[in-house]
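All of these numbers come straight from a predicted model, not from anything done at the bench. So you know, we letter chains A, B, ... as the sequences are listed, proteins then strands, and number each from 1.
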Protein chains: 2
Amino acid sequence: MIEANSASEQTRTRLLEAAREVFSQHGFQSATVREICRRADANVAAVSYHFGSKDGLLAEALNFAPLKAMQLANIQTVASPEMRLHLFIRDFMLMLLDETNGSPPCRIMARELADPTPALDKIVREAIAPLHEFLGKLVREIAGDGIAEAELRRCMYSILGQCLYYRHSHPVLQRLHPKLRYSRKKIEAIAAHIADFSVAGIRHISGKTGAG
Amino acid sequence: MIEANSASEQTRTRLLEAAREVFSQHGFQSATVREICRRADANVAAVSYHFGSKDGLLAEALNFAPLKAMQLANIQTVASPEMRLHLFIRDFMLMLLDETNGSPPCRIMARELADPTPALDKIVREAIAPLHEFLGKLVREIAGDGIAEAELRRCMYSILGQCLYYRHSHPVLQRLHPKLRYSRKKIEAIAAHIADFSVAGIRHISGKTGAG
DNA sequence: TTGTATTTCAAACAGGTGTTTGATACGCTT
DNA sequence: AAGCGTATCAAACACCTGTTTGAAATACAA
């Protein structure tokens, strides 16, 4: 029987939550089914039973609704494109870095950028491609229609690269500055920097060749 | 007997070269000693015999001399700091992306940023910390002494983040643009963009608060 | 309560990993 | 050629991985 509170649905939910945690912490490959089941207080066979395989568990653990909702809210915000870029960067950084309110699926996505798994196709299709489309439009609003397609893409990559650096390089930054921790305030300061830095960069790039 | 061309030294060298290839392609964990030995045309036991362990092989495979030489040459170059930043970014990108003349140890380093292994401490100490120091001085020359330490660091991260994005996100970019390939010319175009973008960003940041 | 389908469990399985072993082959000096 | 230390090799080892198995427990309808 399909019922939200059945025993089966409860372990399913616990497994998904544990999987998001473990996958985002250790990466898909280093994460073991046994640790996920330990955290979910379930038997090792539960993953195969409920999701078919470890791959299937990852596919169901991914949930980009928050990411999409963030973009939709951004589009509907009445503000200058520069302000909306700042908002986007802040929300994106919070998803990537905030330990309490962050989005594990987004952190999984960040990991998969460099280390593909069978789920990467789904991630690209459902999360990254729409994200690029959204960000492309936003950058174009700032740069003006005169900007070339290649330059627009490079500006997008400059922004995403700055954001993702703090997640990807976290182990290194932690070693260089052991007392480092990302409070909400620090994340917002970083986001403000990236936004300022990037707007100046975009304006400079768009002012060099095109008609602005 | 210790001799450069002895049979032992030959397989040692072949193992190191194969290891750099495989580690930079698959990452340390996914790389198997069996594949490394296959490529080096050596027996599986050769790794343990010559390097003690897979960890030991990685430690010896790392060689940041090219990275250091690049920084030294940059320092000795007589040019504006903006020009030297452009040079640094170009050389760094070539090491990260150029398939024929790139530096496998640098690509390994890029991978390890996100996925630490026992070698990360050595990498941070010997490669990343000096790199940060070098880049910090260079950015300070552009920004002026008025820039705050925190802002200086964020500018450095903005630059490194942009550079590393193209390596980290390569699997995704490949999926989004299947015909993508990094020729030397394209790498130099990307480097020029990052340099222009970043100089504008640094000038904007340093002009906001400090005395420049 | 009885019967049936679903869910859980300990145990085992098959495959891959890094590493070790002991014998064999090799290079080099005497 | 004989002797010796080094290097190579096939084979095995111990461990960990995702997955499967078949029995036991549970939930639920009749």
Tell me the interatomic distance from [X], atom [atom1], to [N], atom [atom2], rounded to whole angstroms.
X	N	atom1	atom2	value
A/Leu58	D/dT17	CG	C1'	17 Å
A/Phe51	C/dT8	CZ	P	11 Å
B/Asp41	D/dA7	CG	P	18 Å
B/Arg14	D/dA7	CZ	P	13 Å
B/Leu57	C/dT19	CG	C1'	14 Å
A/Tyr49	C/dA11	OH	C1'	19 Å

Close approaches to DNA chain C from residues 17-36 of chain B, in residue order (heavy atom, under 4.0 Å):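 Contacts with DNA chain C under 4.0 Å: B/Ala31, B/Thr32, B/Val33, B/Arg34.
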Phosphate OP1/OP2 of [N] contacted by [X] side-chain N/O (<4.0 Å):
X	N	result
B/His50	D/dT6	no
A/Asn43	C/dT7	no
A/Thr11	C/dT8	yes

When the rotation axes relating C1' atoms of four end pairs to the next four are compared across the helix from C/dT1-D/dA30 to C/dT30-D/dA1, five pairs an end, they differ to 10° by 10°
Tell me, please, which residues at least two apart from A/Arg20 pass salt bridge (charged side-chain N to carboxylate O under 4.0 Å, His left out). none
Mind checking salt bridge (charged side-chain N to carboxylate O under 4.0 Å, His left out) for A/Glu126 and listing every partner two or more places apart, or none if nothing turns up? none
As an exercise, state the distance from CZ of A/Phe197 to OG of B/Ser198, rounded to the nearest 0.5 Å.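 Result: 4.0 Å between the selected atoms.
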Does B/Glu133 have more than 12 heavy atoms from other residues, nucleotides or ligands lying within 6.0 Å of its CD? no
Within the supplied structure, the quantity of interest is the number of heavy atoms (other residues, nucleotides, ligands) at a distance under 6.0 Å from A/Gln25 CD; does it exceed 12?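 Yes.
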Is a donor on one side and an acceptor on the other found under 3.5 Å between the side chain of A/Glu112 and the backbone of A/Ile108? no
Less than 3.5 Å apart, which donor and acceptor atoms pair up between the side chains of residues 87-102 of chain A and the rest of the protein, not counting sequence neighbours?
unit_1: A/Asp98; atom_1: OD1; unit_2: A/Thr100; atom_2: N; d: 2.9
unit_1: A/Asp98; atom_1: OD1; unit_2: A/Thr100; atom_2: OG1; d: 3.2
unit_1: A/Asp98; atom_1: OD1; unit_2: A/Asn101; atom_2: N; d: 3.2
unit_1: A/Glu99; atom_1: OE1; unit_2: A/Arg181; atom_2: NH2; d: 3.2

The side chain of B/Ala45 lies closest to which of these nucleotides: D/dA10, C/dT19, C/dT8? D/dA10
Under the ring-ring contact (aromatic ring centres under 6.0 Å, His included) definition, can you give me all pairs with a residue in residues 26-46 of chain A, not counting sequence neighbours? A/Phe23-A/Phe28
Do you know which two heavy atoms are closest between B/Ala46 and B/Ala42, and how far apart they sit? CB-CB, 4.1 Å
